[in-house]
Structure formats: C-alpha cells, structure tokens
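To start, the structure under review is shown below, and the notes come after it.
Note: hydrogens, waters and symmetry copies are ignored here, and every other heavy atom, side chains too, is used. Below, chain A is the first sequence line, B the second, and so on; all start at residue 1.
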Amino acid sequence: MGEADRGALQTMLMSRSLSDAELLAATDDAPDYAILPDANVLKIGGQSLIDRGRDAVYPVVEELVAARREHQLLIGTGAGTRARHLYALAAELGLPTGILTDVGSAVAGQNAQILGYLMARHGVPVVGGSGFAALPLYLEQSGAAIFAGMPPYDMWQHVPSDGVIPPYRTDAGCWLVAEVYGARSMIYVKDEDGLFTANPKTDPGAKLIESITVDELIAMDLPDLVVERPLLELMRHARHATQIQVINGLTPGLVTRALAGEHVGTIISAA
Amino acid sequence: MTDLDPRSTSKDVPSALMRQTLLDRGLVRPATDRAVIRLLPWLHVVGIGGRSIIDRGRDAILPLLDELRGAFADHRMLIATGAGIRARHVFGVALDLGLPTGALAALASTEAEQNGHLVAALLAEDGVSYLPHTTVARQLAVHLSASPAVVSNGYPPYELFEFPPAAGRIPPHQTDAGVFLLSDAYGAARTVYVKDVDGVYTCDPAAAAEGEAQLLARVDAAELLAMDLPTLPIDRIVLELMANAKHVKEVQIVNGLQRGNVTRALRGEHVGTIVTAG
C-alpha cells in the first residue's frame with residue numbers, strides 16, 4: 001500500500017469505529033508478514049492415533065524425528081477418548097461449554113506430554129502458553145516443538161447451536177497456529193486416508209474425496225466429517241493457511257511424503 | 001484403507017461419546033442435550049468501554065466507580081475493562097508491519113489489561129483486585145465470596161488463536177465479545193455494557209442531523225444485525241453470539257456518563273437499550 005493509504009489507515013484507526021467498513025477495507029490492504037514461514041504444523045490425532053498406543057504412535061514419532069532434520073515441525077496434539085468421556089460426563093451434569101473446553105484441553109495437554117516423553121531424547125520440547133514465544137529457538141535448535149492442540153478459549157469458548165460440545169477444538173487450534181505463524185503447511189495425521197463422503201468406519205459405501213474446496217465441502221453438508229466443521233468457516237478467511245491435507249498416519253511414509261509436499265491424502269483448500 | 005482394525009488397537013474409555021467424531025449431530029445430540037446449569041446465578045457482569053469511558057479520564061471514570069462502589073452491597077460483580085485508544089495505536093503499528101490478526105489480538109488484550117489494573121487500583125481499598133484470565137475462569141467463586149467485586153480484562157484469551165475475520169484484519173473478538181461469552185458461561189444474572197451513548201441509535205447521533213437518530217429502547221439481536229447499521233455501540237459479533245447463548249438472553253447498553261444509570265441497570269431497570277435474543 002502507498003504512503004497516502006498508510007497514513008489514511010492510521011487516521012481511521014484513531015478516529016473511526018472498529019467495525020467501520022472503510023476502515024476494515026483499509027486493514028485488508030496491509031501487508032501479510034509470515035512469522036515462521038518454514039514451519040510445518042502437524043496435528044497428531046488423539047482418538048485416531050495416540051489412543052492406539054505404540055503400534056500407531058512409534059512409527060509416526062520415528063517419521064517425525066527423521067523429518068525434523070529437513071523440515072521445521074510444530075506438532076499439535078488431539079484429545080481423544082478421555083475427552084469424550086469428560087464431555088459426556090460434564091454434559092450429563094449440565095455443565096456449560098466453557099467447563100468442557102477447560103477439561104477437554106487438559107486431555108490434549110496429556111497427549112502433548114506423552115509425545116514429549118517419546119521425543120525428549122531428540123531434544124524436542126513441549127511448549128504452551130507464553131512458551132510459544134520461544135518457538136523460534138526450539139525450531140532452530142531441535143527442528144520441532146510439541147503443543148496441546150486445543151485453543152485456549154476456556155470459559156470464553158463459543159457455545160454451539162446444539163448441545164454443549166466445544167465447537168473449536170484441536171483441529172481448529174492447530175490450524176490457527178498455522179495461520180498466525182504463516183506456516184508452510186498444515187497436515188492432519190489421522191487414521192483414515194482422508195476425507196470421505198461419510199464416516200468410513202461405519203459406512204462401507206463411503207468414498208474418498210482427494211481434493212475439494214471449503215465452499216464445496218460446506219455445500220455438501222455431510223452428516224459426518226474428518227475435520228471439525230467450524231474449521232471450514234475459519235479457512236474461508238485464511239490469509240496464510242489456505243490449504244490443509246488430511247493423511248493416514250497408520251500408513252508408513254505418508255507423514256514424510258506430505259511434508260515433502262506430495263498429495264497423499266485429501267487436500268482441502270480455501271478457494 | 002488401513003490394515004489395522006480401528007476397534008482392535010484403540011484403548012477406549014467407555015462413554016456415550018466413545019469413538020464418535022463429535023461431528024455427527026444425530027449421534028452427539030442424545031448425549032449432550034441436557035439443560036445447562038447456571039454456575040454463578042447471582043453474578044453481575046459490567047463491561048466498561050475503553051474508548052467510550054476509560055480514555056475520558058477522571059471525569060468519566062471516578063463517578064462511575066463511585067456508583068459501582070455504591071452497588072457493591074447489593075450485587076457481586078465482575079468488572080471487565082475495554083482497551084481503547086492505545087489498542088488502536090498498536091493495531092496501526094502492527095498492521096503497518098504486516099502482523100497477523102492473532103498478533104494484533106494479543107497486543108490489544110494487553111491494553112485492556114492495563115485499563116483493568118488502573119480500575120482495580122482505584123477500587124483496591126474496597127477489597128477489589130485485578131484477576132487474570134485463568135483466575136477468572138477457575139477461582140471467580142472464591143474471590144467473589146471474599147470480595148464484592150473483581151476486575152478483569154474484557155478481551156477473551158484468544159490472542160494468537162484469534163479467528164481471521166471475514167473482512168479486514170481487526171480481531172473479531174474484542175472486549176464486548178469477551179464479556180458476553182464469559183457472562184453466558186457463568187450463567188450470570190445480568191450483563192451491562194457501560195458506554196458513552198444512551199444505547200443503540202438508528203444512526204450515529206454525533207454525526208446525524210438533529211432528530212434524525214432514533215434510540216432503540218429494546219431490540220432483538222437478529223433484527224439489529226439485519227438492520228446492518230453503519231455503527232453500533234457494541235461489537236457486532238455479540239449480536240451473532242447471542243443466538244446460541246444458553247443463559248444470557250438479554251444485555252443492556254447504558255450511558256455511563258449519566259449518573260445513576262449503571263446503578264439502575266444493575267437493579268434490572270430499563271435505562272438504555274436492551275438487546276434480546278430469540
């Protein structure tokens with residue numbers, strides 16, 4: 001943007017309402033600086049991977065340990081079966097979404113600790129909260145860092161239209177990390193080959209979709225989905241993380257290939 | 001497909017949501033459709049505008065704090081502060097440098113926090129302290145058992161995890177949204193936004209011709225959204241959030257520059273604009 005536009009934006013920021021349409025349009029024209037452009041964010045599924053134990057987790061950890069020499073890795077964790085128990089129990093007790101978010105977040109934290117123990121010997125730390133400020137150092141020193149994937153919304157989590165399950169969970173949290181840091185890629189490591197037309201675990205007729213846009217996917221209004229639904233809405237407004245790939249972490253080699261930029265699962269793109 | 005049977009290798013905790021993706025509405029609903037309880041049904045939440053009140057300095061702040069002090073005997077309250085002009089400045093610096101919305105949210109939140117520290121310092125002798133987000137989320141009950149009020153940062157703790165907005169780069173969840181989300185999560189009795197206007201007008205009363213701006217005394221959130229007014233005294237996202245709220249079905253916007261309004265609104269009197277949901 002030109003000098004005159006820059007000045008106009010500053011003036012509007014100091015004088016107008018922050019919801020003013022002209023002001024918002026002017027902020028749109030500001031440059032986009034990617035904070036960690038070489039980082040790759042990977043989400044390791046809770047229910048889909050970590051809850052399976054070593055058959056699933058050891059091979060993925062091996063791939064991550066090898067890949068960090070070539071790629072910077074920000075490894076986020078999902079929550080899984082204990083979070084489902086907590087959500088069911090808390091919902092039965094009539095507790096609000098904010099409480100479910102808090103307790104669910106702790107489960108993603110445990111899974112981050114678990115991955116942290118497995119990668120400790122390779123110098124890979126677990127970070128959280130203000131520890132995010134040290135990410136650049138960790139990435140440079142050990143090529144990777146682990147974080148709990150749940151966004152820190154706590155008692156301020158959005159309330160869903162139906163029920164009390166927190167709508168923004170670890171899929172959204174990991175994507176937001178990729179978006180804010182301007183990461184190179186966002187890879188979801190799950191236990192399916194990608195996105196299917198229905199839940200492949202319960203519907204044998206489910207078909208794999210190799211690539212799709214967010215708008216197409218929203219229009220399909222599938223009854224079940226491999227990623228959290230609100231993530232699709234967030235992606236529509238992406239400035240950096242305009243594409244995600246969902247891959248099968250149970251198939252050896254796919255994490256490595258996805259990091260190399262290969263299309264080995266489902267690619268969902270913002271446009 | 002994989003050769004591992006998903007059921008043979010997973011270590012599950014039995015629950016009504018076991019093995020669900022949590023995304024199939026038909027499966028989630030039976031396990032989660034209980035009525036939500038109000039955790040703190042006596043809580044009063046007061047959001048103090050940053051730009052509208054705090055930036056005006058002592059003439060606006062001191063009488064308002066006197067009013068709040070006067071209400072401490074009747075209501076236990078969470079006072080949440082807005083950010084104001086310094087947040088505008090830091091948005092300007094950060095946008096010029098190309099920083100993302102999440103970075104802007106974290107920077108602006110700091111400004112609301114500093115305003116909270118100022119307000120808490122002025123109320124300290126009444127037993128009021130500033131509480132950080134984690135304490136508000138975990139220990140509000142004990143603090144409000146020991147003290148009539150606490151002060152906190154109105155910004156929700158979204159920071160780096162702030163949503164990229166639909167238009168532009170300004171964080172969509174600012175202090176009005178933070179106040180609303182927290183109030184609903186606690187099932188608060190009342191939610192009052194203290195601003196420098198009498199409520200919601202059909203157009204900006206400062207800019208419009210005499211008599212053109214109409215005050216809306218009571219308005220439905222969805223209708224207000226549909227009116228698509230050029231400016232609103234509270235963040236638009238609050239109107240959207242109201243649709244899903246479990247408890248907070250109305251909020252009141254009052255003019256904190258007029259003595260008595262806040263006291264009356266805390267008692268449940270109608271002195272500004274009441275925005276309702278559903």
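- Here the side chains of Phe196(A) and Val226(A) are not in contact, with every heavy-atom distance at 4.5 Å or above.
- Within the 4.5 Å cutoff, side-chain heavy atoms of Ile237(B) are placed close to those of His173(B).
- Only the side chain of Ile35(A) comes within contact range of chain B, with heavy atoms under 4.5 Å apart.
- For chain A, the option among Gly178(B), Ala31(B), Pro172(B) with the highest count of heavy-atom pairs below 4.5 Å is Gly178(B).
- Counting heavy-atom pairs closer than 4.5 Å to chain A, the top-ranked of the candidates Leu39(B), Val28(B), Leu99(B), Asp33(B) is Leu39(B).
- Both the backbone and the side chain of Leu160(B) have a heavy atom closer than 4.5 Å to some heavy atom of chain A.
- With a threshold of 4.5 angstrom between heavy atoms, Leu89(A) does not approach chain B through any atom at all.
- The residue among Gln157(A), His240(A), His158(A), Gln10(A) with the most heavy atom pairs within less than 4.5 Å of chain B is His158(A).
- When heavy atoms are compared at a cutoff of 4.5 Å, Asp235(B) does not approach chain A at all.
- Interface remark: of the candidates Gln20(B), Glu159(B), Arg236(B), Gln20(B) forms the most heavy-atom pairs closer than 4.5 Å to chain A.
- Residue Leu49(A) is tested with Asn111(A), Asn248(A), Val189(A) for a side-chain contact (heavy atoms from CB on, under 4.5 Å); the sole match is Val189(A).
- Between Tyr168(A) and Tyr153(A), the ring planes are perpendicular. Angles over 60° get that label, and only those under 30° would be called parallel.
- In this structure, chain A has a heavy atom under 4.5 Å from the backbone of Pro165(B), while its side chain stays farther away.
- Heavy atoms only, all atoms of each residue included: Leu140(B) and Val150(B) are closest at CD1-CG2, 3.6 Å.
- Salt bridge status for Asp184(B) with Lys246(B): absent, with no side-chain N to carboxylate O gap under 4.0 Å.
- If you measure heavy-atom distances from Leu225(A) to chain B, the contacts under 4.5 Å come from both the backbone and the side chain.
- Between chain B and the residues Pro167(A), Gly173(A), Gly98(A), the most heavy-atom pairs under 4.5 angstrom are made by Gly173(A).
- The choice from Leu18(A), Val164(A), Leu24(A) that makes the most heavy-atom pairs within less than 4.5 Å of chain B is Leu18(A).
- Here Leu22(B) is the residue among Val136(B), Ile170(B), Leu22(B), Thr101(B) with the most heavy-atom pairs under 4.5 Å with chain A.
- Ranked by heavy-atom pairs shorter than 4.5 Å toward chain B, the options Gly182(A), Ser17(A), Gly94(A) are led by Gly94(A).
- Heavy-atom distances place no part of Arg38(B) under 4.5 Å from chain A, backbone and side chain included.
- Ring geometry for Phe132(A) against Tyr181(A) counts as parallel: the plane angle stays under 30°, on a 0 to 90° scale with 60° as the upper cut.
- With a 4.5 angstrom heavy-atom cutoff, Ala16(B) touches chain A via backbone and side-chain atoms both.
- Counting heavy atoms from C-beta outward, Leu74(A) and Leu135(A) have side chains that approach closer than 4.5 Å.
- With a threshold of 4.5 angstrom between heavy atoms, Asp32(A) approaches chain B through its backbone and through its side chain.
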| message | Using the rule given for salt bridge (charged side-chain N to carboxylate O under 4.0 Å, His left out), can you reason through Arg239(A) versus Asp28(A), listing the C-alpha separation, both sets of side-chain angles and the distance that settles it, and then say yes or no? | response | CA-CA 10 Å; Arg239(A) 300 189 81 96; Asp28(A) 237 342; 2.8 Å; yes
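- Side chains of Asp154(A) and Thr101(A): no donor on one and acceptor on the other come within 3.5 Å.
- Proximity to chain B (any heavy atom under 4.5 Å) is restricted, for Arg16(A), to the backbone atoms N, CA, C and O.
- At least one side-chain heavy atom of Val177(A) sits less than 4.5 Å from a side-chain heavy atom of Phe147(A).
- With a threshold of 4.5 angstrom between heavy atoms, Ala166(B) approaches chain A through its backbone and through its side chain.
- Contacts with chain B were tallied for Asp102(A), Leu208(A), Asn199(A); Asp102(A) has the most, counting heavy-atom pairs under 4.5 Å.
- The side-chain heavy atoms of Glu192(A) and Ser48(A), taken from C-beta on, include no pair separated by under 4.5 Å.
- Side-chain atoms of Asp224(A) and Thr21(B) include a donor-acceptor pair closer than 3.5 Å.
- When each of Met18(B), Arg169(B), Arg34(B) is checked for heavy-atom pairs under 4.5 Å with chain A, Arg169(B) comes out on top.
- Using a 4.5 Å cut-off between heavy atoms, Gln174(B) contacts chain A through its side chain alone, with no backbone atom that close.
- For Glu233(A), no part sits under 4.5 Å from any heavy atom of chain B, backbone or side chain.
- Of the listed residues (Asp24(B), Leu23(B), Leu181(B)), the one with the most heavy-atom contacts under 4.5 Å to chain A is Leu23(B).
- Contact count versus chain B (heavy atoms, under 4.5 Å) is highest, among Pro151(A), Ala21(A), Pro152(A), for Pro152(A).
- Counting heavy atoms from C-beta outward, Leu225(B) and Glu240(B) have side chains that approach closer than 4.5 Å.
- Contact of Glu92(A) with chain B is made through backbone and side chain together, with heavy-atom distances under 4.5 Å.
- Neither the backbone nor the side chain of His247(B) has a heavy atom closer than 4.5 Å to any heavy atom of chain A.
- Under the 4.5 Å side-chain criterion, counting only non-hydrogen atoms from C-beta, His133(B) is in contact with Trp156(A).
- For Leu97(B), the part lying near chain A is the backbone, with the side chain staying farther off; criterion is any non-hydrogen pair under 4.5 Å.
- There is no contact between Thr97(A) and chain B, counting heavy-atom distances below 4.5 Å.
- Residues Arg84(A) and Gln47(A) bring a donor and an acceptor atom of their side chains to less than 3.5 Å of each other.
- Residue contact with chain B, scored on non-hydrogen atoms closer than 4.5 Å, involves the backbone of Pro160(A) exclusively.
- In this structure, OH on Tyr193(B) lies 8.0 Å from CD1 on Ile253(B), to the nearest 0.5 angstrom.
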